[in-house]
Amino acid sequence: MLAVGPYHHGKEQLLAFEEHKTSYLKKPLERTRIPLSDYVMAMRALEERARKCYERSTSLNRDEFVQMMLLDGCFIAEVIRKLRLKHLRGDGDPNFKLGWMLPSIARDMILLENQLPFFVIWKLFIMTDMPSDSRNESFLVMILRFFNGILPGKGCRRDIIYQVDVYPINEIKHLVHLIHENWLPSPAGIEAYRNNGTSSSYWSFIGSATEIQEAGIDFRKVEVLKDGSLFDIKFENGVMNMPSLEIGDATETILQNFIA
């Protein structure tokens with residue numbers, strides 16, 4: 001439904017969504033009063049660098065590639081911003097009126113073939129930012145909130161995600177990379193692993209749940225604590241305490257893209 005980046009750009013079955021992208025560009029133009037030509041120039045300055053981020057070549061010429069960067073990047077920045085800042089939504093915006101739209105958009109945006117270089121999205125977010133709005137928060141946190149609804153369980157974020165001035169923005173490759181880097185075990189879970197590990201420890205496959213249960217180990221479902229994570233699995237007194245993994249329509253796609 002949603003094409004982002006050059007690989008699926010212009011495909012006939014995906015053209016219906018392009019009108020949404022155009023409307024999502026018009027609003028920040030009106031809000032910031034920055035001329036469209038300034039946005040185009042900013043994207044032209046990043047075009048060559050952005051092309052190098054894609055392994056496969058694209059048939060888009062320079063103008064088409066710049067247009068794609070601008071429309072796709074503004075759409076991503078605005079839809080994520082609108083989730084947090086409700087007053088920016090129009091009354092007729094179907095992305096927020098229809099309950100299935102945002103999860104569907106999030107699923108499409110998490111596909112590896114649907115990625116824009118993060119520096120493109122970041123540049124457009126900065127250009128369309130509203131620093132005087134007290135409801136603003138770290139764009140990085142906004143992104144994680146946007147995708148929370150489709151992730152199959154709660155993870156913990158890196159502490160510095162709340163400090164844009166400290167977070168290594170230039171090291172973020174794309175949205176999937178940012179989410180992957182911030183869907184983590186809790187600090188307590190990481191510390192426990194470090195304490196239990198040794199210099200000679202190594203990764204190995206464990207038996208299936210059936211084999212483990214036949215060996216006398218019980219499984220118990222536990223709720224994720226406020227400061228906990230889906231990945232906080234504890235073995236105590238012959239019992240494997242495990243948070244539940246929420247399986248939905250998007251789970252397979254999400255996990256495949258995280259390990260690709």
Side-chain angles (χ1 to χ4, degrees), residues 80 83-84 102-103 106-107 109-112 115 118 121-122 135-213 215-260:
I80 290 173
L83 181 66
R84 171 62 175 164
L102 279 185
R107 285 196 297 269
M109 284 169 54
I110 212 170
L111 298 174
L112 273 179
Q115 297 303 303
F118 192 79
I121 301 171
W122 180 249
R135 288 162 290 195
N136 251 337
E137 65 180 347
S138 163
F139 183 47
L140 305 182
V141 176
M142 287 187 192
I143 292 171
L144 299 183
R145 290 188 193 279
F146 184 82
F147 288 100
N148 268 351
I150 65 167
L151 293 177
K154 181 177 179 290
C156 286
R157 304 165 183 168
R158 298 170 65 184
D159 291 340
I160 57 173
I161 194 73
Y162 299 95
Q163 306 171 51
V164 176
D165 294 339
V166 177
Y167 200 96
I169 298 288
N170 293 331
E171 296 179 11
I172 303 174
K173 298 176 182 178
H174 41 63
L175 292 177
V176 175
H177 181 224
L178 174 65
I179 300 165
H180 188 276
E181 289 287 298
N182 286 277
W183 196 45
L184 302 168
S186 66
I190 293 174
E191 186 63 27
Y193 172 77
R194 287 173 178 164
N195 291 338
N196 291 331
T198 65
S199 58
S200 60
S201 63
Y202 61 93
W203 289 99
S204 63
F205 291 102
I206 62 174
S208 66
T210 300
E211 292 171 332
I212 293 173
Q213 203 162 31
I217 296 173
D218 293 326
F219 290 89
R220 180 181 299 157
K221 174 185 173 182
V222 296
E223 296 297 323
V224 179
L225 300 176
K226 180 179 179 182
D227 297 324
S229 164
L230 168 71
F231 306 102
D232 293 341
I233 300 171
K234 296 180 180 179
F235 179 67
E236 297 175 326
N237 301 321
V239 177
M240 191 79 75
N241 297 296
M242 302 177 64
S244 59
L245 178 70
E246 300 171 14
I247 304 297
D249 293 339
T251 305
E252 182 179 0
T253 299
I254 291 167
L255 297 181
Q256 285 178 339
N257 280 272
F258 278 168
I259 65 177

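Treat the numbers as computed from the prediction; the structure is a model and nothing was measured.
I259 meets the side chain to side chain contact (heavy atoms under 4.5 Å, CB included) test with no other residue; sequence neighbours excluded. With sequence neighbours excluded, no residue forms a salt bridge (Lys or Arg N to Asp or Glu O under 4.0 Å) with R157. Annotation: side chain to side chain contact (heavy atoms under 4.5 Å, CB included) contacts of S244 (sequence neighbours excluded): K221. By the side chain to side chain contact (heavy atoms under 4.5 Å, CB included) test, H180 pairs with F258, sequence neighbours left out. Here E252 pairs with Q256 under the side-chain hydrogen bond (donor to acceptor under 3.5 Å, both in side chains) rule; sequence neighbours left out.
Partner M240 forms a side-chain contact (heavy atoms from CB on, under 4.5 Å) with one of V222, I233, D218 and no other, that one being I233.
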Could you pull out every donor-acceptor pair under 3.5 Å between side chains of residues 182-189 and any protein atom, sequence neighbours left out?
residue, atom, partner, partner atom, Å
N182, OD1, R158, N, 3.0
N182, ND2, Y167, OH, 3.0
N182, ND2, L178, O, 3.0
W183, NE1, G153, O, 3.1
S186, OG, G189, N, 3.0
S186, OG, D232, OD1, 3.2
S186, OG, D232, OD2, 2.7

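Rounded to the nearest 0.5 Å, atoms CG (N257) and CG (L175) are 12.0 Å apart. Atom CH2 of W122 is separated from atom CG of L140 by 5.5 Å, given to the nearest 0.5 angstrom. Atoms CG and CG, on L245 and L255 in that order, are 7.0 Å from each other to the nearest 0.5 Å. Residue T253 holds its OG1 atom at 11.0 Å from CG of L112, rounded to the nearest 0.5 Å.
Between I80 and M109, the closest side-chain pair of non-hydrogen atoms falls below 4.5 Å. E246 is not listed as a side-chain neighbour of T251, based on a closest heavy-atom distance of 4.5 Å or more. No side-chain heavy atom of I143 sits under 4.5 Å from any side-chain heavy atom of I121.
Each ring-ring contact (aromatic ring centres under 6.0 Å, His included) pair with one or both residues in residues 143-164, not counting sequence neighbours, would appear here, but there are none.
Ring pair H174/H177 is perpendicular by interplanar angle, where above 60° counts as perpendicular and below 30° as parallel.
Contact record, V141 with I161: CG2-O, 3.8 Å, taken as the closest heavy-atom pair. Taking every heavy atom of both residues into account, C156 and G228 meet most closely at SG-O, 3.1 Å. S229 and V224 get closest at one heavy-atom pair: N-CG1, 3.4 Å.
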Could you please spell out the steps behind the side-chain contact (heavy atoms from CB on, under 4.5 Å) verdict for Q115 and V176? CA-CA 8 Å; Q115 297 303 303; V176 175; 3.4 Å; yes

What verdict does the side-chain contact (heavy atoms from CB on, under 4.5 Å) test give for F235 and I217, after you've listed the backbone C-alpha separation in whole Å, the side-chain angles of each residue and the deciding distance to 0.1 Å? CA-CA 9 Å; F235 179 67; I217 296 173; 3.7 Å; yes

